[in-house]
Amino acid sequence: MTAILAIDLRALRENWRKLAGMIAPAECAAVVKANAYGCGIEPVVRALLAEGCRTFFVARLAEGLRARSVARDATIYVLDGLTPGAAPGLREAALRPTLGSMAEVGEWAVAGGGPAALHFDTGMNRLGLAEGEAAAALTTLGGAPALVMSHFASSEETSSPDNVRQIAAFDRVRKSIQNTPASICNSSAIFLPSKPWLQVARPGYALYGGNPTPGATNPMRHVVTLHAPVLQTRIVEPGDRVGYNGQWTAKRRSRLAIIPVGYADGIPRNAMGTGEKVGAEVAIDGKRCPIVGRVSMDLIAIDATDAPDVAVQRGAPVEVLGATIGVDEFGARAGTIGYEILTGLGARYERAYRE
Ligand SMILES: *Cc1c(COP(=O)(O)O)cnc(C)c1O
């Protein structure tokens with residue numbers, strides 16, 4: 001018996017349809033990098049294709065090849081850009097690089113070119129061409145790119161002045177590259193009051209049930225449910241300590257349940273509960289139970305004292321993520337973000353897809 005990661009492909013499709021409906025007539029693409037945020041590239045791409053999605057974004061060439069294997073005719077962009085020597089591999093699989101420097105633009109042109117995005121940095125200082133390089137990039141490419149794009153640094157902060165500045169900078173870039181579809185929205189940016197949807201939006205997180213509007217109610221349906229079976233229960237007495245280095249001490253007679261998920265499965269060590277810090281919570285039969293003691297490689301202990309007796313039995317399912325415990329909440333309680341929880345979802349889980 002292992003932990004089971006259930007991926008609700010119907011909820012995923014509903015999430016995509018919701019965003020696509022919001023931004024129409026702009027096109028809603030889908031970001032499926034990092035194994036589709038832990039959910040599995042191939043099943044996710046297949047499901048979204050069936051829903052009408054035609055454009056996908058991945059980070060790496062290898063991810064692009066996996067997406068291509070199930071989406072023969074889709075448009076697929078590789079966000080990491082053109083890594084040195086990657087052009088032939090991209091061209092062979094009809095993958096499009098997002099060119100982010102003049103070196104990349106030059107290498108792509110020399111390799112024979114083909115459809116590509118031009119990626120402009122508008123204030124994040126990560127990947128992307130400078131505004132002033134637009135004319136040179138067009139000359140080197142020998143024409144307009146297939147897409148012109150940029151990326152927000154703070155789109156989940158609705159009132160951040162960064163957003164206003166980046167939109168203005170991207171407007172200037174778009175003026176110098178006319179008649180070309182443009183894209184700047186990730187999940188949270190789709191919900192910005194200024195609606196900078198342009199021609200193509202690129203949501204990832206929200207498709208997988210993450211909250212694109214932190215602080216407000218999550219408008220998306222949850223997609224990921226992770227259940228782990230109880231391996232053992234044990235009673236500890238007040239003063240007994242739990243786990244590596246005994247970092248949690250029972251204050252009352254407590255019933256622990258041990259479940260087979262650990263940091264090697266993507267449960268952050270910071271989800272631990274110690275004397276100083278309350279642990280992240282899981283749920284048994286809807287009752288919240290905190291993680292106690294250190295997160296081990298393969299196991300965690302939870303304090304199941306307050307859960308119903310019938311639900312705390314060997315083999316009974318414990319919800320680590322799901323309807324009660326969302327990815328945003330689990331991330332926050334573990335000192336990180338839901339994105340890291342999703343993309344860290346382990347390779348050891350049995351993945352079960354609900355159509
Ligand atoms: C990951 C990524 C996205 C998707 O972002 P979400 O916040 O997951 O919607 C969009 N664009 C770029 C450039 C990215 O790296």
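Each ligand, and each atom within it, is numbered from 1 in the order the structure gives.
Of the N or O atoms in Gly204, one or more lie within a sub-3.5 Å distance of an N or O in ligand 1.
Ring planes of Tyr205 and Tyr339: parallel class, angle under 30° (limits at 30 and 60°).
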Check your understanding: Is there a side chain to side chain contact (heavy atoms under 4.5 Å, CB included) between Ile300 and Val261 once you walk through the steps?
Key -> CA-CA 6 Å; Ile300 54 177; Val261 294; 3.7 Å; yes
Review point. Yes or no on salt bridge (charged side-chain N to carboxylate O under 4.0 Å, His left out) for Glu27 and Arg54, after CA distance, side-chain angles and deciding distance?
Key: CA-CA 9 Å; Glu27 179 189 351; Arg54 290 291 171 264; over 6 Å; no
**Study point:** Verdict with supporting geometry, Gln166 and Ser150, side chain to side chain donor-acceptor pair (under 3.5 Å)
**Key:** CA-CA 9 Å; Gln166 288 195 259; Ser150 190; 4.6 Å; no
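Of the protein's non-hydrogen atoms, the one nearest atom 9 (O) of ligand 1 is Ser187 OG, 2.5 Å. Here the protein heavy atom with the shortest distance to atom 7 (O) of ligand 1 is Tyr339 OH, 2.5 Å. When only non-hydrogen protein atoms are considered, atom 2 (C) of ligand 1 lies nearest to Lys33 NZ, 2.5 Å. Here the protein heavy atom with the shortest distance to atom 5 (O) of ligand 1 is Asn186 CB, 3.4 Å.
At a heavy-atom distance under 4.0 Å, atoms from both the backbone and the side chain of Arg202 approach ligand 1. Of the heavy atoms in Leu79, only side-chain atoms (C-beta onward) come closer than 4.0 Å to ligand 1.
Each of Thr233, Val292, Ile235, Ile302 was scored for a side chain to side chain contact (heavy atoms under 4.5 Å, CB included) with Leu256, with one residue passing: Val292. For the side chain to side chain contact (heavy atoms under 4.5 Å, CB included) with His222, the qualifying choice from Val224, Asn218, Thr225 is Thr225, the only one to do so.
By the neighbour-count criterion of 12 heavy atoms within 6.0 Å, atom CD of Glu92 is sparsely surrounded, having that number or fewer from other residues, nucleotides or ligands. Summarising the local packing, CZ of Arg288 is surrounded by more than 12 heavy atoms from other residues, nucleotides or ligands at distances under 6.0 Å.
Ligand 1 is never approached by Phe57 to a heavy-atom distance shorter than 4.0 Å. At least one heavy atom of Arg126 sits under 4.0 Å from some atom of ligand 1. Pro203 counts as a contact of ligand 1, since one of its heavy atoms falls under 4.0 Å from the ligand.
Among Tyr205, Tyr77, Tyr37, Phe152, the residue whose heavy atom lies nearest to atom 4 (C) of ligand 1 is Tyr37.
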